[in-house]
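Data block below; observations after.
Computed from a predicted structure; not experimentally measured. Index from 1, following the sequence.
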Amino acid sequence: MSSQLFDELDKLDFSGSSSGSPSDSSSETAKSADESASAASQILPPHEGFGNTRPAGDYQEHVVDHLKELRNRIIIAGAALLIGALIAYPFSGDAIAYLWEQFIPESVVMSIYSPTEYLMTRLKLSVAAAICVFFPLLMYELFAFMSRGLYKNERKFLIKVVPLSFILFILGAALAYFVVLPLFMNYVLFYSDQTAVAQIGLGETFNTIISLVLGFGLVFQIPLLMVSVVRMGIVSEKTLRKGRLVVYGSLIGFAFLISPDPTLVSQLIAGVALIILFEFSLILLKFV
């Protein structure tokens, strides 16, 4: 009996090599835990030295230093506009006379309704001329402030965008000057002349001229804005292509806001221009 008992005990395996033993399962659990910890250490940033893998050229700076740099950029841009306005001011009187002859019929007399209206009009025209001349510098200061916090590919994108932005600004201002303003002035004065004697104030006339020229120049930045929005992942190019009709309606509605023309001529011109710019933006997305 005892010999049979010992034979049965000899058949049992106490080496711990069986697949269902607790020691084996605990070793597998520990091994999987080590693998998970190793994977997590590769995915999660370490507590010490965090930020060492940031893009080249990136930097850490206190918010006060950012505000100081922004202040310096604004001072440079403001100084450029001030110098440009001071240079343009002596010629602003001749410019007012020239623009009046270009857009206003000879039968309409130039009128002012306050002692400072002529002076303020010259100042506004001088500042507008300075903005047109120094627009590349304004874009450069904006780019210089933004570039230090951008990735390398984003900097390359902005380098392509800045010259194109100035070209689009000139195109928009030229469209307003050579097409929209003559139509607007001629139609408004034509309809006014049917019922009343036209007597136009100098200040309001040049407010309209300046707002249309600068407004169209800024509106022509829409392609760059759309490209930037798509490149940042806010809106997909596919969504813009599918929602063409909605975008068209929004652009035409926006054109009615920027063009104060009761005859609807300048609004239609602006709307068509915006739609063309939208389609140009979709084409531009393939190359930028």
Which residue pairs satisfy the salt bridge (charged side-chain N to carboxylate O under 4.0 Å, His left out) criterion with at least one member in residues 117-143, sequence neighbours excluded?
Arg73-Glu141
Just wondering, do Tyr177 and Gln102 contact through their side chains at under 4.5 Å, heavy atoms?
yes
Could you work out, with side chain to side chain donor-acceptor pair (under 3.5 Å) as the rule, every residue matching Ser250, not counting sequence neighbours?
none
If you define the side chain from C-beta out and look only at heavy atoms, does anything of Ile87 sit under 4.5 Å from Ser126?
no
One should read off an interatomic distance between Leu138 CG and Ile74 CD1, to the nearest 0.5 angstrom, of 11.5 Å
At what distance, to the nearest 0.5 angstrom, does CD1 of Ile131 lie from CG of Leu137?
12.5 Å
Would a hydrophobic clustering, with Ile, Leu, Val, Met, Phe, Trp and Tyr connected at side-chain separations under 4.5 Å, put Leu125 with Met110?
yes
Are Ile252 and Ile276 joined in one hydrophobic group, where the rule is that I, L, V, M, F, W and Y side chains link up if heavy atoms are under 4.5 Å apart?
no
Ile75 CD1 to Leu70 CG distance, which is reported to the nearest 0.5 Å:
10.0 Å
Which residue pairs pass the salt bridge (charged side-chain N to carboxylate O under 4.0 Å, His left out) test when at least one of the two sits in residues 268-279, sequence neighbours left out?
Arg244-Glu279
Heavy-atom closest pair (Phe134 atom, Ala80 atom, distance to 0.1 Å) is CE1-O, 3.6 Å
Do the side chains of Leu123 and Val127 get nearer than 4.5 Å, heavy atoms only?
no
In Å and rounded to the nearest 0.5 Å, what is the CZ to CD1 distance from Phe278 to Ile283?
11.0 Å
Test item: Phe220 and Leu277 side chains (from C-beta on) under 4.5 Å apart, heavy atoms:
yes
Go through the steps for Ile112 and Thr121 under the test side chain to side chain contact (heavy atoms under 4.5 Å, CB included), then give the verdict.
CA-CA 10 Å; Ile112 58 174; Thr121 302; over 6 Å; no
With rounding to the nearest 0.5 angstrom, report the OH to CG distance, Tyr248 to Leu274.
12.0 Å
Would Ile275 and Val180 show up in the same hydrophobic cluster when neighbours are defined by side-chain heavy atoms closer than 4.5 Å?
yes
Phe216 pairs by side chain to side chain contact (heavy atoms under 4.5 Å, CB included) with which of Leu218, Val213, Leu212?
Leu212
Sequence neighbours left out, what passes ring-ring contact (aromatic ring centres under 6.0 Å, His included) with Phe206? Give chain and number order.
none
Donor-acceptor pair, distance only, cut-off 3.5 Å: does the side chain of Ser236 make one with the backbone of Thr239?
yes
Tell me whether Leu245 shares a hydrophobic cluster with Val272, the cluster being built from Ile, Leu, Val, Met, Phe, Trp, Tyr side chains joined at under 4.5 Å.
no
Show the nearest heavy-atom pair for residues Ala129 and Ala88, with the distance to one decimal.
CB-CB, 4.3 Å
Looking only at non-hydrogen atoms, find the nearest pair between Ala128 and Ile210 and report the distance.
CB-CG2, 3.9 Å
Residue pair Trp100 / Ile200, side-chain heavy-atom distance below 4.5 Å:
yes
Residues in salt bridge (charged side-chain N to carboxylate O under 4.0 Å, His left out) with Glu237, at least two apart?
Arg241
Joint hydrophobic cluster, Phe178 plus Ile209, side-chain heavy atoms closer than 4.5 Å:
yes
For the pair Phe169 and Phe135, name the ring-plane relationship: parallel under 30°, tilted 30 to 60°, perpendicular over 60°.
parallel
Test of understanding: with ring-ring contact (aromatic ring centres under 6.0 Å, His included), list the residues that count as partners of Tyr89, not counting sequence neighbours.
none
Is the number of heavy atoms from other residues, nucleotides or ligands under 6.0 Å of Tyr118 OH greater than 12?
yes
